Amino acid sequence: MYFQLNAENLVSFLASLPEMQSHFSSFQNLGVTEITDGNMNYAFVVSNLDNPEESVFCKQSPPHIKVLGEEWPLTRQRMTAEIEALSFQAKVSPSTAPKIYYQSEVLSILILENLQGYNIFRDELIKGHYFANFAEHMASYLAATLFFSSDFGQSVAQKKALIAKSENSDMCMISEDFIFTYPFEHHAMNDYNPALSQGSIDMIQRDSEVRAQVAQMKYLFTTSKQALLHGDLHTGSIMLNQERTYVIDAEFAFAGPIGFDVGALVANLYLSYFSHVGQGTAESEKYSEWLLQQVEALWDGFETKFTQYWCEYDEFADKPFMGKDLTGDSHGKFRTLFLQEVFRDTLGFAACKIIRRILGIAKVADFMQFEDETFRAKLETQALTFAKMLLLNRGSIKSFIDVNKAIHH
Ligand code: SR1
Ligand code: MG
């Protein structure tokens, strides 16, 4: 039966689990630290104070939104979705998945490897740190998780079973409202920087072309079931160091359009870009160029690996998606067409994600670190103008090289 874990009962709960016996040499002197960052769930690190190497990370979903309290009920389905997504990630992209030590859908709890020595990517970006392997690691993660959960990397029956298991409707509704609806309709839940001009807000909310195309993106989000997505792949969902990259926090996982995951990451790299380029120092200039290169390398790596997996799969599959290739190039043509569509969707979703972080309630620290509201409004207007350009031109833009040329103008 479900009960809520807290700093008081967590140690005795851990001590009662056979799965924990190999992780702690003793349960006598365990310290519990609550991680207060997350909005939705409770999270704790438990360490042996006599031997801090022995530690675990525990995450539990309560039947409400943690930060808002019990008067904001939310089903615990999100933990089932996260367990499912993380288990799938561990299968197809093991190097990016924290080890699962214990899981329970009844208690909506996950106990994971504590990622000591790894930091949240967003914090590292704010500090201007470089990571030589980030783009390659994340391109591999995206290609593996998205290809092997798509119709092209498994049988139709397996894909249907995966969709049936990946329902996460409450969390999808949060995304529908807070990404695709409220920021565009002047909703009471929005949160505008007081220094942001009405003109900058209106160029998004009162442009019928923008509104119509955002509705296209929302419709894709609600109807497309291309692959099992992480569902909230911003730079706060990545932990890394120079050697290794982990993807965490898949509580928004669902079967959706591939471009939504790729676009989320791209959007957050561009938000970081605007936060650095606006600082106008030689180092921030250099760093912002590095960020643009990361976007290009991320997409190129993703496209290459996704295509590679697809070619390999088709060579050995009993029933490749297209059947036999009688012309020798029809498979290749379809792959190109499909990835062009994913590219367009990526630009459209990236645009929506940039806009929601500026006009909507959920802000990003990359911008919020600047207390000077007028300075922040300047960055926000640049980012909104860029996002609008991406959204409206996504059908004709051919590559991120072109996007990055446009960003300089
Ligand atoms: C109320 S919206 C909260 C947001 O935080 C998460 O990271 C998701 O992006 C969600 O939309
Ligand atoms: Mg999260």
Side-chain angles (χ1 to χ4, degrees), residues 34-44 57-62 64-69 71-86 89 96-98 108 110 112 115 118-123 125 141 168-185 187-192 214 217-218 221-222 229-240 246-254 256 260-272 349-368 387:
E34 182 165 359
I35 314 286
T36 50
D37 279 5
N39 294 335
M40 318 297 278
N41 302 308
Y42 291 98
F44 306 90
F57 173 81
C58 309
K59 178 173 180 179
Q60 188 183 36
S61 299
H64 55 265
I65 299 176
K66 182 192 82 176
V67 282
L68 300 180
E71 58 278 25
W72 289 80
L74 182 65
T75 66
R76 293 184 282 115
Q77 190 184 38
R78 62 193 183 279
M79 181 52 82
T80 303
E82 179 164 358
I83 291 172
E84 198 60 50
L86 185 55
Q89 181 186 342
T96 65
S108 296
L110 255 178
L112 302 174
L115 298 175
Y118 295 85
N119 295 317
I120 295 286
F121 188 35
R122 190 186 302 288
D123 299 339
L125 290 173
Y141 160 84
N168 198 3
S169 47
D170 281 359
M171 300 302 267
C172 285
M173 197 164 75
I174 292 176
S175 296
E176 286 148 26
D177 291 343
F178 287 90
I179 299 173
F180 297 104
T181 311
Y182 299 162
F184 299 92
E185 65 167 9
H187 194 273
M189 293 290 279
N190 288 348
D191 179 14
Y192 309 120
V214 168
M217 300 318 299
K218 179 173 175 179
F221 179 88
T222 57
L229 310 190
H230 176 280
D232 194 25
L233 195 57
H234 54 78
T235 48
S237 296
I238 296 172
M239 289 183 80
L240 80 185
Y246 285 96
V247 177
I248 59 167
D249 261 359
E251 65 213 10
F252 281 85
F254 73 112
F260 186 72
D261 262 8
V262 189
L265 187 49
V266 163
N268 280 268
L269 291 170
Y270 280 126
L271 285 166
S272 176
F349 286 125
C352 297
K353 290 275 201 168
I354 291 171
I355 295 168
R356 66 80 59 114
R357 294 295 184 192
I358 296 169
L359 302 182
I361 193 168
K363 304 294 188 201
V364 287
D366 312 60
F367 278 21
M368 296 311 283

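Throughout, numbering of the chain's residues begins at 1 and tracks the sequence. Computed from a predicted structure; not experimentally measured. First listed ligand is number 1; within each ligand, the first listed atom is number 1.
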Worksheet item: Backbone, side chain, both or neither: what part of Met40 comes under 4.0 angstrom of ligand 1, heavy atoms only?
Response: neither
Worksheet, complete the sentence: From the list Lys59, His230, Gln77, Met171, side chain to side chain contact (heavy atoms under 4.5 Å, CB included) with Glu82 holds only for Lys59
What atoms of ligand 1 come within less than 4.0 Å of a heavy atom belonging to [X]?
X: Phe252; answer: 6 (C), 8 (C), 10 (C)
X: Arg357; answer: 9 (O)
X: His234; answer: 7 (O)

Straight-line distance of [X] [atom1] to [Y] [atom2], nearest 0.5 Å:
X: Ile179; Y: Phe252; atom1: CD1; atom2: CZ; answer: 7.5 Å
X: Phe184; Y: Leu359; atom1: CZ; atom2: CG; answer: 7.5 Å
X: Asp177; Y: His187; atom1: CG; atom2: NE2; answer: 7.5 Å

Worksheet item: In terms of side-chain heavy atoms, does Gln89 have a donor or acceptor partner in Thr96 at a distance below 3.5 Å?
Response: yes
Item to complete: Would you confirm whether any non-hydrogen atom of the protein falls under 4.0 Å from atom 11 (O) of ligand 1?
Response: yes
Practice prompt. If you have a sec, work out which protein heavy atom is nearest atom 9 (O) of ligand 1 and how many Å separate them, to one decimal?
Written response: Asp232 OD1, 2.8 Å
Worksheet item: atom 4 (C) of ligand 1: which protein heavy atom is closest, and how many Å away?
Response: Arg356 NH2, 3.6 Å
Item to complete: Report yes if Asn39 has an N/O atom closer than 3.5 Å to an N/O atom of ligand 1; otherwise report no.
Response: no
Practice prompt. Check the pair Phe349, Phe180 against side chain to side chain contact (heavy atoms under 4.5 Å, CB included), reporting the backbone distance first and the verdict last.
Written response: CA-CA 9 Å; Phe349 286 125; Phe180 297 104; 3.7 Å; yes
